[in-house]
Structure formats: C-alpha cells, structure tokens
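Positions are given from 1 along the sequence.
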Amino acid sequence: MVEFPHSWLSVGRGRFQEGAAGVGALMAHPCVEEGSLPCRKTSRFSPRSHPSPQTSYSFADSANRKAFRDGIKPGWHYFGRKMDAADFEWVMWFTSFRNVIIFALSGHVLFAKICSMTVPQHRAVVYMLYGVLAVLGSMGLVYLMIVLSHCLVLYSVALAKQKWLCFVAGLCCLASFKLEPFSSWQSGFVTGAFDLQDVLFYGGCGFTIMRCMSFALESCERKEGIYSIFDLLKYNFYLPFFFFGPVMTFDQFHAQVSTRELRRKDDEMRNIRVHALLHVGAVIAVDIFFHFFYILTLPSDLKFVNRLSDWSLAGLAYSNLVYDWVKAAVMFGVTNTIARLDHLDPPQPPKCITMLYVFAETHFDRGINDWLCKYVYDHIGENHDNIIKELIATIATFAVTTLWLGPCEIVYIWSVFNCFGLNFELWVQKFFQWEPFAKLEAKMSAAMSRRIRAAFGAVNFWAIVLYNILALNSLEFAQLVTKRLLLAGFPVSTLSIWFITYCGVQLIKERERILAIEEEKGDKAKAE
C-alpha cells in the first residue's frame with residue numbers, strides 16, 4: 001500500500017518536512033500488512049503460551065534470519081553476487097516494472113513534444129487526455145470512476161468557497177483510502193491482480209485527494225468566480241505526477257501550464273540532459289551498491305547487527321538515511337525531468353541528508369512540504385515566533401501527515417518524535433534569545449558563536465537520524481542504535497561520533513556562509 005510515500009515529513013520555520021521512508025519501508029513493516037499482527041505480538045498466539053527464554057530466543061533468531069534471507073534475491077549470476085531487494089519501491093521502479101514505466105512516460109514525452117510544436121495553447125488538454133488513457137489502460141474503468149467521483153465531490157464542496165469545509169471534506173476523502181473498512185471497500189471494486197495494483201491504486205488515489213484539496217483551497221482564494229472542473233481534471237491527470245508525485249500546488253501548475261509562449265532559458269536543455277545522465281548514473285551506482293552492501297536487509301537481523309561495533313552501527317543507520325535520500329532524489333528526479341521537458345517548474349530536488357542538522361530544514365519531498373506549509377503550517381503558525389501558535393501548527397500539520405502516511409503504531413511514534421524535535425528547536429532558540437544569553441553571544445566572535453551552534457547541530461543531526469530510522473527500519477533497530485550510541489558506547493564512542501559530526505556541521509555552515517555571501521553579491525549586481 002502506498003500509505004508511506006517516499007518522502008520525509010518534518011516541519012520547519014516556514015518549512016514543513018515530510019519525513020520518513022519510501023513505500024517499501026512501510027510495506028515491509030508488519031503494522032501495515034493487511035490482517036497481520038505486529039511481530040512483537042504474534043508470540044501471544046503461538047502454540048506454547050509460555051515458552052522458555054531459550055525457545056523465545058530461538059524463535060526470534062530464526063525470524064530474523066528468515067527476514068534477512070527474504071530480503072536477498074538472485075542478482076548478478078555471472079559474478080556470483082546476490083542483490084539486496086528489501087526496498088520494494090526501488091525494485092518496482094528499476095527492475096520489475098521498469099519497461100512498463102519507461103513505455104508510459106516515453107509516450108507522454110512524445111505526445112507532449114508533438115503538441116508543444118503544433119498546438120501549444122492546448123497542451124494541457126493533451127496531457128490530460130494521455131493521462132486519462134494511461135490510467136484507464138493500467139487500472140481499468142472502475143478505478144477511473146473512483147478517482148473521478150472523488151474529484152467531483154471535492155469540486156462540489158469547492159463551490160461553497162469555505163476553506164474549513166474543503167479541509168473537512170478533503171480529509172474525509174483521504175481517510176477513506178487510509179482507514180478500514182473504507183479502504184478495502186473501495187479497492188474491492190478494482191478487479192484483477194498484479195504486483196503493482198496496490199501501489200498504483202493507493203498512490204494515485206492519495207495524490208488525487210491532495211491535488212483536489214489544493215484546487216479547492218485555491219478556488220476559495222479566488223475573488224471572482226471559481227476554476228472549472230476541466231481545470232481540475234487537467235491538473236489531476238498529468239501523468240508524470242499522477243501515481244507517484246511530487247505534488248505541485250494548483251496555483252503553480254495552473255499558471256505554468258497556461259503559458260502560451262514556450263521559451264526556454266539559456267542552457268536549460270543542457271541542464272536537463274545533465275540531470276538525466278546524473279539520474280541514470282545514480283541508478284547504476286545504487287544497483288552496484290545493492291550487490292555488495294546489504295544495508296537495507298541487515299537491520300532485520302538484530303542478532304547480527306548487535307555484534308557490530310558502535311561505529312559500524314552508526315554508519316549503518318546513517319547509510320539507510322542516505323540511501324532513502326538518493327531514492328527520493330532519483331525517483332522525483334525522473335518525473336521532474338519530464339516535467340521540465342513540458343516547460344514546467346516542478347518542486348526542487350530534496351536537500352542532501354548530510355546537509356541537514358536542524359529539523360527546520362529536514363524535508364525530502366518538497367512537493368508535500370510546500371503543500372503542508374502553505375495550507376496548514378504557515379496558515380496556523382503565521383510568522384512562527386509564538387510558541388503556542390507554533391505548537392498548534394506543528395500538531396495540526398503532523399496530524400494531517402499521519403493521516404497521509406497511513407495511521408499505524410510506527411507512524412504515531414515517528415510523528416510524535418519529529419513534532420517534539422521541531423518544537424524543541426524553537427524552545428531552545430527562544431531560551432537563548434533571553435537578554436543574558438543574547439548579551440553573552442554579542443560579546444563572542446562570529447567564529448565562537450558558530451562553534452557553539454555547530455555543537456548543538458551535531459546533537460540535532462543524530463536526533464534526526466534516530467527519529468527517522470523508526471520508519472525506515474523498525475522500532476527495535478532504532479532502540480538498539482539509541483542504546484549503543486547513548487548508553488553502551490558512552491563516553492568513547494558517543495563523544496568521538498559527536499565530534500566527527502561536529503566537524504561535518506562546521507563544514508556545512510562554512511559552505512552556507514560562502515553561498516550566502518555569493519548570493520548577496522549577485523543581488524547587488526542585479527540591483528546596479
């Protein structure tokens with residue numbers, strides 16, 4: 001089920017981070033498998049009501065080994081290498097359904113190019129017609145009718161031009177795809193069975209609701225009249241974004257797709273080709289990586305992981321986040337490249353995880369991030385200076401995020417931790433803005449002030465890592481990493497890893513300082 005999009009949610013000062021893992025991460029987690037019990041609870045229903053500690057340990061070890069074996073599949077036969085196939089989403093995109101996805105997106109590029117050369121003023125209609133035919137051909141008429149019915153419902157609600165009503169209706173529609181029994185009831189109408197069906201069903205429906213809510217809320221902002229339902233259909237059935245995102249808010253999409261004069265900036269095509277080659281290179285690099293380093297499957301074998309050194313365990317946790325960032329960058333990069341060919345300006349690629357040391361900037365899916373910021377977080381939090389408003393804004397945003405990801409135990413825990421992390425940042429910031437601390441910092445040199453901030457940033461970096469491996473792997477693995485880094489590894493491993501991270505944060509802050517100076521010079525040059 002596509003309840004956990006490849007994106008990361010987290011809220012920031014004017015930025016909401018969509019955090020956590022890909023669709024495969026949650027699909028692999030027991031709490032989202034339909035009708036299954038969390039693995040920590042299945043022992044209650046085992047044949048032996050009270051197994052001995054040795055027997056329990058044997059069962060757990062056997063389950064861990066089985067999970068490890070299931071994640072390793074045949075790979076390069078001639079080299080004798082097996083492949084880490086634990087990430088369903090990556091395997092789906094670049095192995096199992098690679099040819100189907102390439103065929104569908106290539107068709108879109110071909111028809112879009114012909115249209116832009118002949119009738120550019122009608123290109124949005126061509127995008128819509130091709131998207132409708134692709135959805136119809138892949139999922140069938142019943143699925144198309146389900147999507148259209150939700151579009152019609154939310155369009156009807158938008159006619160009232162009441163934001164609160166649009167929000168309530170939109171969240172109810174979203175809940176109908178995330179909560180039982182409504183989810184199973186709707187998916188039961190779609191006949192047929194193939195491996196990609198659940199992913200396409202829940203992905204397309206989930207993103208459809210988010211787009212329809214954006215349309216409805218933008219219609220409420222429009223002073224004269226309302227956008228037509230035809231505008232909604234053109235917005236929703238843009239194929240590159242339909243099933244897998246990212247989400248562009250309606251106002252941005254409508255303004256860009258309505259442009260009649262299609263002109264490209266200098267070197268734009270060159271940049272598109274360069275980015276396309278980078279994405280191909282990243283796919284090849286990850287494929288090689290999966291045949292030598294089983295970083296996604298290893299955390300499932302807790303007995304093996306527990307024997308790793310503190311440094312190896314920290315590196316394993318960090319590499320899982322780096323991989324998820326690479327996956328988000330590549331998968332969104334593919335659809336964004338096609339959108340740029342269509343003369344659109346899609347959401348920017350995610351910021352590298354290594355560059356993230358504050359919750360305020362942690363987001364991997366800028367589309368969902370922009371959506372949540374615009375319609376929830378910034379709307380409630382306003383300028384984000386008031387602690388109470390900020391608390392309400394973050395709670396409301398993470399509540400919507402929890403529904404979007406699909407409510408389950410691991411998502412609840414992840415949301416609480418990330419919500420706390422973001423608010424704690426603001427509390428610390430407000431605390432050190434008090435007069436005694438402000439005067440003390442004013443007396444410091446800029447370098448010393450940056451060192452102190454980097455020390456806090458290093459701690460924050462590992463808080464971000466620990467909070468988000470909850471969703472990437474499992475609660476047990478997150479607990480193991482936390483205990484080893486904070487308790488068992490203290491003080492040698494803890495302080496040494498913190499110091500290395502501190503040096504990294506210093507380098508990042510220096511890079512940010514240089515970029516800020518260059519940007520300021522560029523602004524002055526433009527003004528002159």
Are more than 12 heavy atoms from other residues, nucleotides or ligands located less than 6.0 Å from atom CZ of F456? no

More than 12 heavy atoms from other groups under 6.0 Å of NZ on K430: yes

Ignoring hydrogens and geometry beyond distance, is a side-chain donor-acceptor pair present between E390 and Y377 at under 3.5 Å? yes

Centroid-to-centroid, Y357 to F461, below 6.0 Å? no

Is there a side-chain contact (heavy atoms from CB on, under 4.5 Å) between Y294 and D301 once you walk through the steps? CA-CA 11 Å; Y294 307 117; D301 190 347; over 6 Å; no

Looking only at non-hydrogen atoms, find the nearest pair between G245 and F332 and report the distance. C-CE2, 4.1 Å

Examine F431 together with W434 and report whether their ring centres are nearer than 6.0 Å. yes

When rounded to the nearest 0.5 Å, the distance separating SG of C373 from NE2 of H384 is 6.5 Å

Mutual orientation of the aromatic rings belonging to Y323 and F290 [parallel < 30°, tilted 30-60°, perpendicular > 60°]: tilted

Any side-chain heavy-atom pair of F167 and L217 under 4.5 Å: yes

Here the pair of heavy atoms bringing G170 nearest to I209 is O-CG2, 3.4 Å

Kindly indicate, with the supporting measurements, whether the criterion side-chain contact (heavy atoms from CB on, under 4.5 Å) is fulfilled by D310 and L313. CA-CA 5 Å; D310 296 339; L313 194 59; 5.7 Å; no

Find the distance between CE (M213) and OG1 (T249) and round it off to the nearest 0.5 Å. 13.5 Å

Between atom CG of L298 and atom CZ of F293, what is the distance when rounded to the nearest 0.5 Å? 11.0 Å

Heavy atoms of P240 and T335 approach each other most closely as O-CG2, 3.2 Å

For T397 and T394, which I'm curious about, is there any donor-acceptor pair between the side chains at under 3.5 Å? no

Could you name each residue pair satisfying side-chain hydrogen bond (donor to acceptor under 3.5 Å, both in side chains) that touches residues 451-465, not counting sequence neighbours? E425-N460, E441-R453, W462-T501

Assess the side chains of T402 and S415: does a donor N or O sit below 3.5 Å from an acceptor N or O? yes

For atom NE2 of H379, is the number of surrounding heavy atoms from other residues, nucleotides or ligands below 6.0 Å larger than 12? no

Run through T494, N306, V305 and flag the one making a side-chain contact (heavy atoms from CB on, under 4.5 Å) with R484. N306

Within a 6.0 Å radius of atom CZ on F437, are there more than 12 heavy atoms belonging to other residues, nucleotides or ligands? yes

Once you measure the plane-to-plane angle for H275 and H279, does it fall in the parallel (<30°), tilted (30-60°) or perpendicular (>60°) bin? tilted

Would the W404 and F207 ring centres measure less than 6.0 Å apart? yes

Taking C-beta and beyond as the side chain, do F432 and V428 meet within less than 4.5 Å on heavy atoms? yes

Walk me through whether M355 and R511 qualify under side-chain contact (heavy atoms from CB on, under 4.5 Å). CA-CA 10 Å; M355 309 293 289; R511 179 178 179 273; 3.3 Å; yes

For a quick test of reading the model, state the closest non-hydrogen atom pair linking A276 to T337 and the distance between them. CB-CG2, 4.4 Å

Just how far is it from atom CZ of F241 to atom OG1 of T208, taken to the nearest 0.5 Å? 14.0 Å

S183 side-chain N/O to E180 backbone N/O, donor-acceptor pair under 3.5 Å: no

Of all heavy-atom pairs between G406 and V411, which one has the smallest distance, and what is that distance? O-CG2, 3.5 Å

Counting neighbours of NZ on K374 that are heavy atoms of other residues, nucleotides or ligands and sit closer than 6.0 Å, is the number greater than 12? yes

Does the separation of the ring centres of F420 and Y467 fall below 6.0 angstrom? no

Quick check: are there more than 12 heavy atoms from other residues, nucleotides or ligands sitting under 6.0 Å from CD of Q433? yes

Will you find, in the side chains of Y318 and T354, an N or O donor that is under 3.5 Å from an N or O acceptor? yes

Taking all non-hydrogen atoms of both residues into account, name the closest pair between D84 and I295 and its distance. OD2-N, 3.5 Å

Test log, rule side-chain contact (heavy atoms from CB on, under 4.5 Å), inputs M248 and R211: CA-CA 8 Å; M248 281 182 72; R211 285 188 288 263; over 6 Å; no

Are R513 and E510 close enough for a salt bridge, meaning some N to O gap below 4.0 Å? yes

